[in-house]
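Lettering of chains follows the sequences in order, A, B, ..., and the numbering in each one begins at 1.
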4 protein chains.
Amino acid sequence: MNEKMQAVQYVSKFERILNAATEAFAESGYHQTPVSKVAHLAGVADGTIYLYFKNKEELLVRLLQERLGDFIVCMRRELSNCKTTEASLRTIVKTHFSYMEQNRSLAIVVRLELRKPNQHVRSAISGPLLEYFSLIEEVVQQGIERKEIPRINLRTARQLIFGSLDEATTDWVMARNPQALMTCVEPMLTLFKGALRLRKPKGRKQIVTLQKREEDGNADS
Amino acid sequence: MNEKMQAVQYVSKFERILNAATEAFAESGYHQTPVSKVAHLAGVADGTIYLYFKNKEELLVRLLQERLGDFIVCMRRELSNCKTTEASLRTIVKTHFSYMEQNRSLAIVVRLELRKPNQHVRSAISGPLLEYFSLIEEVVQQGIERKEIPRINLRTARQLIFGSLDEATTDWVMARNPQALMTCVEPMLTLFKGALRLRKPKGRKQIVTLQKREEDGNADS
Amino acid sequence: MNEKMQAVQYVSKFERILNAATEAFAESGYHQTPVSKVAHLAGVADGTIYLYFKNKEELLVRLLQERLGDFIVCMRRELSNCKTTEASLRTIVKTHFSYMEQNRSLAIVVRLELRKPNQHVRSAISGPLLEYFSLIEEVVQQGIERKEIPRINLRTARQLIFGSLDEATTDWVMARNPQALMTCVEPMLTLFKGALRLRKPKGRKQIVTLQKREEDGNADS
Amino acid sequence: MNEKMQAVQYVSKFERILNAATEAFAESGYHQTPVSKVAHLAGVADGTIYLYFKNKEELLVRLLQERLGDFIVCMRRELSNCKTTEASLRTIVKTHFSYMEQNRSLAIVVRLELRKPNQHVRSAISGPLLEYFSLIEEVVQQGIERKEIPRINLRTARQLIFGSLDEATTDWVMARNPQALMTCVEPMLTLFKGALRLRKPKGRKQIVTLQKREEDGNADS
DNA sequence: TATGAATGAGCGTTCATTCAT
DNA sequence: CATGAATGAACGCTCATTCAT
């Protein structure tokens with residue numbers, strides 16, 4: 001949405017700096033990027049950055065908070081329409097891939113900074129990140145409550161889901177000629193369903209033959 | 001393992017520098033760490049580092065190459081003893097967790113640097129990394145050939161396996177009071193088997209009922 | 001006195017800025033103080049300052065000129081009522097201490113800026129300062145003419161008087177819990193009288209015994 | 001002494017930087033002087049400064065500590081040879097003027113920094129300064145004990161002595177064509193003796209006529 | 001080989017000053 | 001007159017790298 005507004009018309013300096021920082025940090029990494037480069041990309045003077053951000057680190061932190069917060073809002077909205085666990089899982093995969101695909105630079109920055117040992121940055125973004133983790137775990141938890149998923153360790157399940165999505169995104173980001181991330185939605189979803197041993201919800205037949213299940217899998221991939 | 005050798009007796013300066021760099025980079029990140037700190041930790045003069053490494057970046061690259069290479073060798077050796085696909089998967093999970101747990105600093109550095117946009121570093125470590133990816137994909141491929149796993153997208157499967165292991169490691173690294181990584185082996189393995197729809201190998205009955213499969217799952221968790 | 005006027009009612013922006021600058025410069029020194037801080041204290045916008053002062057330095061210069069001029073006027077007025085040299089000396093000490101005590105911030109700024117090597121500032125304030133020096137020297141000169149003081153070097157006498165007053169003020173300014181400056185008037189005056197070998201004026205006996213003089217001294221201290 | 005060594009032969013980088021800083025700070029003041037200017041004057045690279053001093057402020061503090069310490073040592077040595085209070089007073093005046101005259105740049109820096117409100121710097125140099133104050137007060141105290149000086153307030157006496165010497169130095173420093181500071185020794189000393197009502201020591205005649213005293217004064221000036 | 005003092009390019013940040021409103 | 005957002009030059013400081021010993 002930020003990018004669109006920018007393309008269309010007026011964008012506040014705050015947003016322009018944030019967007020510039022996203023591009024710059026994605027290209028060479030936070031520490032490699034001089035503030036002057038961000039300023040240049042944003043079309044403002046170096047000093048102007050400091051009218052909007054206390055220092056370079058706050059620029060990074062705000063960037064992550066704003067954008068991740070955006071992502072979470074988006075994800076939560078999409079999830080609210082999902083009736084079944086399968087729909088929820090598909091929404092997570094689709095939304096994750098779609099958001100990252102449309103915000104490639106952000107994807108690069110986020111993936112990197114999430115791994116940095118800097119406590120300051122970590123704690124600043126832990127809010128949105130933990131919320132995302134909760135969202136995923138809630139979906140699994142709900143599946144368990146609905147008897148669509150056997151009892152499994154929530155944390156491990158979340159690690160699998162988030163880790164896989166993140167790794168797929170990393171592959172896409174690193175590849176020179178990546179195929180669209182969105183083409184990976186169904187294959188990944190199929191693996192998730194298998195991992196979580198997801199059954200059809202209550203109304204359906206409980207006993208399915210193995211053949212039947214394999215057909216599902218084939219249909220998905 | 002590196003640490004033990006160091007403790008026992010003589011360690012070459014080359015190794016001492018590499019170990020010092022691992023610790024230092026893990027603590028504050030590559031760019032945050034002055035070469036002088038590495039030198040101090042290694043007990044050598046600043047200039048000495050440049051007798052063994054062309055520059056700071058090569059220090060990082062060699063570090064990753066050496067250690068990841070080590071890891072791959074270790075992983076390959078363990079895998080060579082595995083008869084079944086399940087055994088191979090378990091070995092991957094166990095070895096990954098065990099190695100990272102015993103080389104925490106290395107784990108921190110690797111996870112981070114794998115995400116850096118720096119092309120130089122990326123290409124330098126792509127060797128060992130791609131080899132690890134191949135190893136994982138080979139295990140899945142073999143499973144498919146042995147009919148233990150249905151035909152699935154190898155890359156997606158690899159993304160799921162590596163991404164999940166990496167994310168679990170990240171959680172462990174970031175946590176203040178982490179529980180041992182090794183306790184996650186079986187839960188994670190169960191998810192993997194589900195995701196890959198792993199069946200018992202050929203000698204056994206081909207048709208299994210759903211109940212049977214669920215017993216497996218319960219037994220694992 | 002400035003503060004009172006300000007408290008009572010309307011103060012011109014010019015004065016408000018000057019007062020704000022006095023406080024600010026006293027607190028952290030001229031170079032340490034951003035113009036924006038002065039503006040904030042004065043309750044005006046940064047740019048407004050430049051409507052009244054050419055630049056930051058002129059703000060300092062005008063401040064010193066205005067306030068020192070004030071002080072000189074005040075001193076001259078008080079001196080005009082003094083009949084004897086002793087009275088004049090006492091007035092100098094009293095007025096100096098009293099003015100500084102009631103304008104502590106000004107005292108801090110003046111003492112500091114009088115020592116700065118910056119030629120521009122020096123020459124700008126040399127007017128009031130030299131006038132003060134003349135005032136002091138005139139008192140001594142008059143004492144000599146009246147035969148109350150033996151012939152002595154005027155400049156040295158002025159250095160002693162001004163230097164002592166300034167040093168006492170410095171001590172008072174720097175002390176955490178200073179005792180009132182005014183308590184130092186008589187002790188300091190006694191020393192001055194001794195230094196200048198001040199005798200009773202003409203009408204009295206010309207020849208005094210040493211005992212007599214010592215009684216004076218005791219009476220003073 | 002430092003300057004002499006430098007002229008003669010080898011001077012450590014530490015001293016060269018300190019000397020360069022003294023010159024530079026004297027010329028334009030501490031805050032006006034870029035570290036790069038000090039480095040240039042010292043004939044070293046900017047970064048080299050930071051091998052010897054933690055930061056710019058420490059450069060100033062060490063400069064003041066070292067040089068003032070030097071001065072105190074010098075003063076104490078000279079004073080140890082003085083038998084009478086008059087001799088001690090003369091030594092103080094002579095040594096103060098002589099040291100400042102031979103270290104003009106230092107004089108400028110010291111006089112200025114002594115007035116800065118910066119607590120950090122103040123406390124760092126308070127050691128040598130307070131020691132100097134004590135030295136002066138001890139001389140006066142001794143004079144009182146020897147009955148050469150009537151009982152007077154030590155602090156006020158010290159303010160008069162130090163303030164006068166400092167003001168004379170300021171005049172000399174600020175003047176474009178100053179006459180030698182040393183020519184002021186005897187006039188100033190005469191004033192001091194009068195201020196302190198210094199008598200000849202015990203062995204001599206106690207009663208002196210006024211004429212006699214005035215001869216003394218004339219002889220001194 | 002090994003050292004570590006020295007270098008100087010480069011960066012984060014401040015702040016006096018301007019100018020469109 | 002008044003504003004305050006914007007500017008960009010300038011400075012303090014770091015640290016990768018070199019080289020004389």
Distance check needed: [N] [atom2] versus [X] [atom1], whole Å only.
X       : N      : atom1 : atom2 : answer
D:Gln32 : F:dG12 : CD    : P     : 10 Å
B:Tyr52 : E:dT1  : OH    : C1'   : 7 Å
A:Leu60 : E:dG12 : CG    : P     : 12 Å
C:Phe53 : E:dA16 : CZ    : P     : 15 Å

Nearest listed nucleotide, side chain of [X], among [options]:
X       : options                : result
B:Thr48 : F:dG12, F:dC1, E:dA2   : E:dA2
B:Asn55 : E:dT13, F:dT17, F:dC13 : F:dT17
B:Pro34 : E:dT1, F:dT3, F:dC15   : F:dC15
D:Lys56 : F:dT17, F:dG12, E:dA16 : F:dG12
C:Ala45 : F:dA5, F:dT3, E:dA5    : F:dT3

Output a table of nitrogen or oxygen pairs between the protein and nucleotides 19-21 of chain F separated by less than 3.5 Å.
none

Self-check item: Residue-phosphate contact under 4.0 Å: D:Lys13 side-chain N/O, E:dA6 OP1/OP2
Solution: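 Answer is yes, contact under 4.0 Å.
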
Quiz prompt | NZ/NE/NH1/NH2 to OD/OE distance under 4.0 Å, D:Lys37 and D:Glu27 | solution = yes

